[in-house]
Enquirer: 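I have a structure here, written as structure tokens, and I will follow up with some questions on it.
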Amino acid sequence: MARRNTDAARVLNEEFQALLSNDRAGLKASMEKIKKAEEDVVALRRALIRELAQVGTLLMNKEDLLRLAFVIEGIVGYINGTAFKISHLRRPVVKMKKYREPLTELLNLLIEEISKQNECVRALSMNPDQAIETAGQIQRIESDIDAKQRELMNEVLKSMNGYRDLIEMKDVIQSIEDASDAALRAADSTTIVALGV
């Protein structure tokens with residue numbers, strides 16, 4: 001599930017580049033890839049629930065694993081929402097350097113954070129201490145996203161003309177922030193599972 005989230009997050013960058021280059025087919029393809037990743041995550045969560053039900057009482061922390069699965073599933077929902085909102089941005093607005101560069105940076109940080117969450121989950125089975133350490137790195141990335149999100153929001157509120165563009169840009173920035181917060185919640189849940197391993 002965490003790997004498919006990482007795949008979906010990487011597509012956000014492809015989608016943004018397609019928007020910048022006015023590639024409508026690329027935008028549509030990106031949206032479809034993210035939707036497919038979301039469907040895969042839901043199917044994997046269902047399979048995990050079946051497996052946990054079969055284990056019965058043999059696994060002590062199955063509730064924690066299940067909570068982690070639901071939080072990880074939530075991340076891909078935020079990614080899908082972000083992709084939808086990016087697709088509605090107007091190209092002339094996002095091509096402006098003062099918006100394009102900070103948005104690109106925010107997307108790259110989000111991809112890095114979700115990628116670290118994938119590493120964190122993978123470390124659970126091999127080295128729980130590594131999972132806890134990676135969760136700390138995720139927290140630092142989320143703090144960077146918070147700071148950059150506020151800077152960009154200030155710039156948007158100061159300089160953007162037109163309510164439509166302002167609302168759309170604000171929605172995208174907030175959606176990135178929401179996805180980042182979800183990844184941090186997943187890191188916290190992963191830490192709880194790691195402590196129980």
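Counting begins at 1 with the first residue of the sequence.
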Enquirer: Salt bridge or not for R10 and E14, using N-O below 4.0 Å?
Expert: no
Enquirer: If you round to the nearest 0.5 Å, how far is CD1 of I176 from OH of Y78?
Expert: 14.0 Å
Enquirer: Take atom NZ in K28; do more than 12 heavy atoms of anything else shown fall under 6.0 Å from it?
Expert: no
Enquirer: Using side chain to side chain donor-acceptor pair (under 3.5 Å) as the criterion, list what pairs up with E177, not counting sequence neighbours.
Expert: none
Enquirer: What side chain to side chain donor-acceptor pair (under 3.5 Å) pairs are there with at least one residue in residues 102-111, not counting sequence neighbours?
Expert: N13-N108, E105-K148
Enquirer: Is the closest basic N to carboxylate O distance between D144 and R140 below 4.0 Å?
Expert: no
Enquirer: Using a strict cut-off of less than 4.0 Å between a Lys/Arg side-chain nitrogen and an Asp/Glu carboxylate oxygen, indicate whether K85 and D171 qualify as a salt bridge.
Expert: no
Enquirer: For residues E15 and S87, is any side-chain donor paired with an opposing acceptor at under 3.5 Å?
Expert: no
Enquirer: Can you tell me if NZ on K35 sees more than 12 non-hydrogen neighbours from other groups inside 6.0 Å?
Expert: no
Enquirer: If you measure only the distance, is there a donor-acceptor pair under 3.5 Å linking the side chains of S180 and E113?
Expert: yes
Enquirer: How about CG on N154, more than 12 heavy atoms from neighbouring residues, nucleotides or ligands closer than 6.0 Å, or not?
Expert: yes
Enquirer: Report the residues that fulfil side chain to side chain donor-acceptor pair (under 3.5 Å) with Q139, sequence neighbours left out, ordered by chain and then residue number.
Expert: none
Enquirer: Report, as yes or no, whether the 6.0 Å neighbourhood of atom CZ on R24 holds more than 12 heavy atoms from other residues, nucleotides or ligands.
Expert: no
